[in-house]
Amino acid sequence: MSFTVEERGNPNSLSYRLFFKNAEGKYVSPFHDIPMYADEKQNIFHVVVEVPRWTNAKMEIATKDPLNPVKQDVKKGKLRYVANVFPHKGYIWNYGAIPQTWEDPAHKDGDTCCCGDNDPIDVCEIGSKVCSRGEVIKVKVLGVLAMIDEGETDWKVIAINVEDPEAGDLNNISDVQRLKPGYLESTVDWFRRYKVPDGKPENCFAFNDEFKDKDFAIEVIKSTHNFWKALISQKSSAGELICKNTCVSASDSPYCCSVEEAEAVVGGTSPCGKEEPIPSSVEKWFYYERK
């Protein structure tokens, strides 16, 4: 199963969108139409790469836009970039999401005692390759971190691309600790402090800041898949989320999006144009002492 992307609008601008197509050239939603599993028997999952490693633009699946393209998050009318907080530069992994998952904001997690963040579950891919924005990769799950972000449960799955040279040596979170010492601690540090330059407090974590293992992580992913199933079958309230899809819902469902309708959505956006400059402030480096 393969997917391609189509750029629309001007890169580094409010108009930029990244739409997805399947192997038949049909527009699809990366939230709903790309299967969660690449290989269910082997627990291999698809991940949609939103942010390549070392970059700063906070790109994400637009859950409230038709066809859910990847676009840059906006705050107070301006494109959002994550700050470089010493000693980090941009995102320190390939960052993305597992399709067909949803952290239900109406469900209070029994472990974190907080409700979900209303998004697909996040993934930090720790392989050696710098992936491309919009790339759909196959990963095996190694563990998970339970971040509490402004009172919401925001799981961070640690995974590795199955095609990575080190994939055979990394099978659980303990292998990451053994073979990449310091990487997990840096991951906690990154998530704890990345919003501080924006004037927000440090984030906190469940389980005393510790990562849970592979089996725990897979169960968390499966639970968010079940929440997504309830969402797409209209058993849960979608709120402002756009659940239109071209491959999943039956033709008599209000969530079914025809080929013509999908083409009209893409056609209603601007053609890919000239890349806009990235503000020089994005390269600024923030230092503050760890508490």
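Source: prediction; values computed, not measured.
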Original post:
Among side-chain atoms of E7 and Y16, is any donor-acceptor pair under 3.5 angstrom?
Top reply: yes
**OP:** Could you tell me which residues satisfy side-chain contact (heavy atoms from CB on, under 4.5 Å) with S186, sequence neighbours excluded, listed by chain and number?
**Re:** H88, I92
Subject >> Between H32 and W228: side-chain donor-acceptor atoms closer than 3.5 Å >> reply: yes
Original post:
Is the shortest side-chain N to carboxylate O distance from R133 to E135 below 4.0 Å?
Top reply: no
**OP:** Might you confirm whether atom NZ of K284 has over 12 heavy atoms from other residues, nucleotides or ligands at distances under 6.0 Å?
**Re:** no
Subject >> Any donor-acceptor pair under 3.5 Å from T101 side chain to I221 backbone >> reply: no
Subject >> Pair V259-K26, side chain to side chain contact (heavy atoms under 4.5 Å, CB included): steps then yes or no >> reply: CA-CA 7 Å; V259 171; K26 187 177 184 179; 3.8 Å; yes
Original post:
Are V136 and I61 connected, step by step, through hydrophobic side chains (Ile, Leu, Val, Met, Phe, Trp, Tyr) whose heavy atoms are closer than 4.5 Å?
Top reply: yes
Original post:
Do NZ/NE/NH1/NH2 and the carboxylate oxygens of K156 and D154 come within less than 4.0 Å?
Top reply: yes
Original post:
Is the backbone of L184 close enough, under 3.5 Å, to the side chain of Q177 for a donor and an acceptor to pair up by distance?
Top reply: no
**OP:** I would like to know whether F211 and V144 meet side chain to side chain contact (heavy atoms under 4.5 Å, CB included); could you show each step before the answer?
**Re:** CA-CA 5 Å; F211 290 80; V144 68; over 6 Å; no
Original post:
Under 3.5 Å, is there a donor-acceptor pair linking the side chains of N171 and K140?
Top reply: yes
Original post:
Is atom NZ of K108 surrounded by more than 12 heavy atoms (other residues, nucleotides or ligands) closer than 6.0 Å?
Top reply: no
Original post:
Would a 4.5 Å heavy-atom cut-off, applied to side chains only, mark K138 and F45 as touching?
Top reply: no
**OP:** Please assess F227 against H225 for the test side chain to side chain contact (heavy atoms under 4.5 Å, CB included), listing each intermediate value before the final yes or no.
**Re:** CA-CA 5 Å; F227 293 140; H225 184 52; over 6 Å; no
**OP:** Answer yes when E6 and R17 have at least one side-chain N-carboxylate O distance shorter than 4.0 Å, and no when they do not.
**Re:** no
Original post:
Side chains of W155 and D117: do they bring a donor and an acceptor to under 3.5 Å?
Top reply: no
Subject >> Main-chain N/O of S128 paired with D164 side-chain donor or acceptor, under 3.5 Å >> reply: yes
Subject >> Side-chain heavy atoms of V248 within contact of Q100, under 4.5 Å >> reply: yes
Original post:
Taking the six-membered ring where the residue is Trp, are the ring centres of F216 and F207 under 6.0 Å apart?
Top reply: yes
**OP:** Please determine, by modelled atom types, if S249 and N245 share a side-chain donor-acceptor pair under 3.5 angstrom.
**Re:** yes
Original post:
Regarding T153 and D109, is there a side-chain donor-to-acceptor distance under 3.5 Å anywhere?
Top reply: no
Original post:
Counting only N and O atoms by type, is there a donor-acceptor contact under 3.5 Å from the side chain of T187 to the main-chain atoms of Y183?
Top reply: yes
Original post:
Can you find a pair of side-chain heavy atoms, one from F20 and one from V70, that are under 4.5 Å apart?
Top reply: yes
Original post:
Any sub-3.5 Å donor-acceptor pair from D209's side-chain atoms to A206's backbone N or O?
Top reply: no
**OP:** Given side chain to side chain contact (heavy atoms under 4.5 Å, CB included), test V266 with R8 step by step and report yes or no.
**Re:** CA-CA 8 Å; V266 179; R8 303 287 291 185; 4.0 Å; yes
Subject >> Test ring-ring contact (aromatic ring centres under 6.0 Å, His included) applied to W93 and F191, step by step >> reply: CA-CA 12 Å; W93 346 257; F191 281 119; 4.9 Å; yes
**OP:** Answer yes or no: is there a side-chain heavy-atom contact under 4.5 Å between E219 and D215?
**Re:** no
**OP:** Output yes when a side-chain donor or acceptor of N10 lies under 3.5 Å from a complementary backbone atom of S13, and no otherwise.
**Re:** no
Original post:
Do F19 and V5 have side-chain heavy atoms sitting under 4.5 Å apart?
Top reply: no
Original post:
With ring centroids as reference points, do H46 and Y37 lie under 6.0 angstrom apart?
Top reply: no
Subject >> Electrostatic pair E276:K274 at N-O distance under 4.0 angstrom >> reply: no
Subject >> Any donor-acceptor N or O pair under 3.5 Å, side chains N56, N84 >> reply: yes
Subject >> Short side-chain to backbone donor-acceptor contact, R193 and Y288, under 3.5 Å >> reply: yes
**OP:** For the pair E163 and K129, find out whether any cationic side-chain nitrogen is under 4.0 Å from an anionic carboxylate oxygen.
**Re:** no
Subject >> Sub-4.5 Å side-chain heavy-atom contact between L231 and F31 >> reply: yes
Subject >> Residues E125 and N161: side-chain donor-acceptor under 3.5 angstrom >> reply: no
Original post:
Between D189 and R192, is the closest basic N to carboxylate O distance under 4.0 Å?
Top reply: no
**OP:** Please check if V82 and V282 belong to a single hydrophobic cluster, counting links between Ile, Leu, Val, Met, Phe, Trp and Tyr side chain heavy atoms closer than 4.5 Å.
**Re:** no
**OP:** Would you check if the side chain of N22 reaches a backbone N or O of G25 as a donor-acceptor pair within less than 3.5 Å?
**Re:** yes
Original post:
Does the side chain of F286 come within less than 4.5 Å of V196's, by heavy atoms?
Top reply: no
Subject >> Short side-chain to backbone donor-acceptor contact, W190 and G90, under 3.5 Å >> reply: yes
Original post:
Where does the angle between the aromatic ring planes of Y95 and Y91 fall among parallel (under 30°), tilted (30 to 60°) and perpendicular (over 60°)?
Top reply: tilted
Original post:
Are any side-chain N or O atoms of D175 and backbone N or O atoms of N172, one a donor and one an acceptor, separated by less than 3.5 Å?
Top reply: yes
**OP:** Using the salt bridge (charged side-chain N to carboxylate O under 4.0 Å, His left out) rule, collect all pairs that involve residues 247-261, keeping only residues at least two apart or in two chains.
**Re:** K244-E261
Original post:
Do E152 and C115 come within less than 4.5 Å of each other through their side chains, counting heavy atoms only?
Top reply: no
Subject >> Joint cluster assignment, V74 & I242, ILVMFWY side-chain distance < 4.5 Å >> reply: no
Original post:
Less than 4.0 Å between a side-chain N and a carboxylate O, is that true for K195 and D149?
Top reply: yes
